[in-house]
Amino acid sequence: MNDLVKRWWPLCLLIGGGVLLWLLGYGTQDRAAIVFMALLITAAGGYLILAERQKRN
């Protein structure tokens, strides 16, 4: 991955999760769902980082 993608893809994942929640009908009052989605996205991002690092080795 180039440097620009490395800096922006985690933010894009979070924005994508927010858009997904919005499309599913969740609003700002649904904090538990928003926090849960953010945790899932963070876990998926961490997994992707670990997988990428293991490929290099």
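The structure displayed is predicted, hence computed values, not measured ones.
- Here CZ of Phe36 is found 11.0 Å from CD1 of Ile41. Values are rounded to the nearest 0.5 Å.
- Residues satisfying the side-chain contact (heavy atoms from CB on, under 4.5 Å) test with Tyr26, not counting sequence neighbours, are Leu21, Leu24, Asp30, Ala33.
- Linking ILVMFWY residues whenever their side-chain heavy atoms come closer than 4.5 Å, directly or via other members, leaves Leu39 and Leu48 in distinct clusters.
- Distance check, rounded to the nearest 0.5 Å: CD of Gln29 to CD1 of Ile34 gives 8.0 Å.
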